[in-house]
Amino acid sequence: MIPENRRRARATAPFGVALLLALAAASVLSTTPAARQRPTGTARDVSAPPTGTGTIGGRVVSDEPGHPPVRRAVVQLSSSAAPAAGRTTVTDDDGRFAVTGLPAGRFTMLVVKPGWPTTYYGATTPWRAPGAPIALDEGQQVTDLAVTLTRGGVIAGRLTDADGQPVTGARVTALTPRTVNGQVIYSQAIGATMLLQQTDDEGAYRLYGLPPGEYILQASVPQTPARRISPDEVAWALGRGGAPGATSQAAPPPPPGPTVVYAPAYYPGTTTVAAAARLRLDAGQALQGIDFALQFVPTSRVSGTVTRSDGVPVRGAQITLTEDGPQVGALVFSTTGRSVVQPDGSFQFPSVLPGRYIVNVRAASQAPAPPARGTRPQAPTLDLWASADVSVNGADITDLTLTLQPGMTISGRVVLEATTLEAPADLSRVRLQLRPPDMMAITNRISLQTAPANADGTFTLSGVVPDQYVLFASLPGGNPSEGTGWMLKSIRQGGRTWMDEPIEMRGGQDLTGVEITLTDRAAQISGRLLDAADRPAPEFFVFAFPVDRSAWRLGSMRLRQPVRPDTNGGFRVSMLPPGEYYVAALASFEETDWFDPTFLEQVAAASIRLTLAEGEQKVQDIRIAR
């Protein structure tokens, strides 16, 4: 029986995710060395040669009654600071594992086994990263780690065509819906071991190892479009298409039937993702009989001409056709594509499914200068643009005319404020980036644009299409993970100041005199997260986020994902702009919570509030009150 389609409601107080009320001690507490532990249980061979004398081990069990061991699970250890120190091993018949010969450092651990969601050690939501880092001293033996796996759910059913016949070789995938900055997007399920499968000869599919959550199902059949033979064509071929007694040779042929293709389908049988039903899946639950059908739909040819403003055709332009709607994961079959603009300016997109689309064109007003001897050719500057909205309903569109217009420019200079780092004399290492305000949401008219500054710090971004953008600049140097490096301080122009607020670019209006300042005086919050008994609490998260509510959105430079303390409770939130911040301890959070304004409002009510000056390195220990 299919459960009722519903969105899980978020609790207001207490939260659907656990928020721990935190109190802070103004003084710095001394660090207590991690307890030394001796190995317990059996060890398996390590896949890489030893590079140290430390050991990490433990046991993997199921969350089912009696907590039986999980045999032959793959345990992976990794270290971002030393990738070569990573190791992989397999649990034995008692679910035990041990990895020896490890160097000192911080390690993350995940466990993989088919049929079970990938689990991260220390994660309060096991199938979601990040897990808790394991701090290992030289020679330390940490062998009592416990990892509990949750059996994955199953969605199974059968895919048919409109006549009820099985569709073989179709791709069926499970996608999870989520809201990003007010827009719904669909992506692959996190932690799933089998979220894409082809149907068998009976049209059956079975997706397994799915974590608990909400899903939509999508099915598609990549294929070459085919022309449907109409009854008139059949009659004409049989000699019954003309006047009485006429033969097929005497009667003119009828118009050809439409070109059709299987459209991507979403359960329970719709061709639009917005109308897809959401399936609620609990841990270990099997949803059987989730059957739905593919439909044949007519396709259209979208064609036209690209010209300059003087009517002269353009060759060498880049043209794309993009679906105008919710963003869907990369595994989903799509008619989004590129075409080639011919020398006479003509273009065409064959076999376009019904729907709404955006046609975008980018072109260069002039060819780049010939390269000097021994240098690479320069890419042309795409400083011309055109765009059009197109609605496709099965009929060909053949008269689309796109007239190129000059794009706008953003120009100015980069300034460095150096106090501890040495400012490079050549500022061409500065990388400028012009990006959509919502990096995870679909953008149909603009794309990510990057360019280096000139050696003297001046810069020009050309061919900017009218829309909203976030301007960003970066410069390598220092060690950002340790709180040193270059950080964007400000963007100023004509009395206005931006940080990560969108810049509105209007047609025919360039933005000049922009001053971008990078500083090495980044602020930082560090300390230890402790429980009520002053013991390290590495199983929780530390969340620092701005008091300014205008920055409560994905893509904001001042909004950072919660960080996990190390096994000694130590944490660091680095490379922060000055300002007021809330700091809180979280037991867990959903993957989109940290930029959800509703969630942030609730966390703010139970947070510590502090102010960071420019370059301030503030030490703030956090004690969990309850």
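When a residue number appears, it is its place in the shown sequence, counting from 1.
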Side chain to side chain contact (heavy atoms under 4.5 Å, CB included) against R373, all qualifying residues, sequence neighbours excluded: none

Which donor-acceptor pairs under 3.5 Å do side chains of residues 156-166 form with protein atoms, sequence neighbours excluded?
| from | atom 1 | to | atom 2 | distance (Å) |
| --- | --- | --- | --- | --- |
| R158 | NE | E202 | O | 2.7 |
| D161 | OD1 | D163 | N | 2.9 |
| D161 | OD1 | G164 | N | 3.0 |
| D161 | OD1 | Q165 | N | 2.8 |

Does R431 have any side chain to side chain donor-acceptor pair (under 3.5 Å) partners at least two apart in sequence or in another chain, and if so, which? none

Compare all side-chain heavy atoms of P452 with those of R429 and state whether any distance is below 4.5 angstrom. no

For D510, check salt bridge (Lys or Arg N to Asp or Glu O under 4.0 Å) against everything at least two apart and list the hits. none

About how many Å separate CD1 of I410 and OH of Y469, when rounded to the nearest 0.5 Å? 7.5 Å

Give the minimum heavy-atom separation between R280 and L287, together with the two atoms involved. O-CD1, 3.9 Å

Who are the salt bridge (Lys or Arg N to Asp or Glu O under 4.0 Å) partners of R413, not counting sequence neighbours? E515

With sequence neighbours left out, write down each residue that passes side chain to side chain donor-acceptor pair (under 3.5 Å) with S303, or none if nothing qualifies. R301

Side chain to side chain donor-acceptor pair (under 3.5 Å) with R206: which residues, sequence neighbours excluded? none

Parallel, tilted or perpendicular: ring planes of F296 versus Y262, cut at 30 and 60 degrees: parallel

Kindly determine whether T398 and D396 satisfy side chain to side chain donor-acceptor pair (under 3.5 Å), including the steps that lead there. CA-CA 6 Å; T398 59; D396 290 343; over 6 Å; no

Under the side chain to side chain contact (heavy atoms under 4.5 Å, CB included) test, residues paired with D310 that sit two or more places apart: R308, V312

Across all chains, not counting sequence neighbours, the side chain to side chain contact (heavy atoms under 4.5 Å, CB included) partners of D399 are I397

M575 side, atom CE; N479 side, atom CG - distance, nearest 0.5 Å: 9.5 Å

Can you sort out the partners of Q295 under side chain to side chain contact (heavy atoms under 4.5 Å, CB included), two or more places apart, ordered by chain and number? T271

With S365, which residues qualify under side chain to side chain donor-acceptor pair (under 3.5 Å), at least two apart? D383

Those residues at least two apart in sequence (or on a different chain) that pass ring pair (Phe, Tyr, Trp, His ring centres under 6.0 Å) with F472 are none

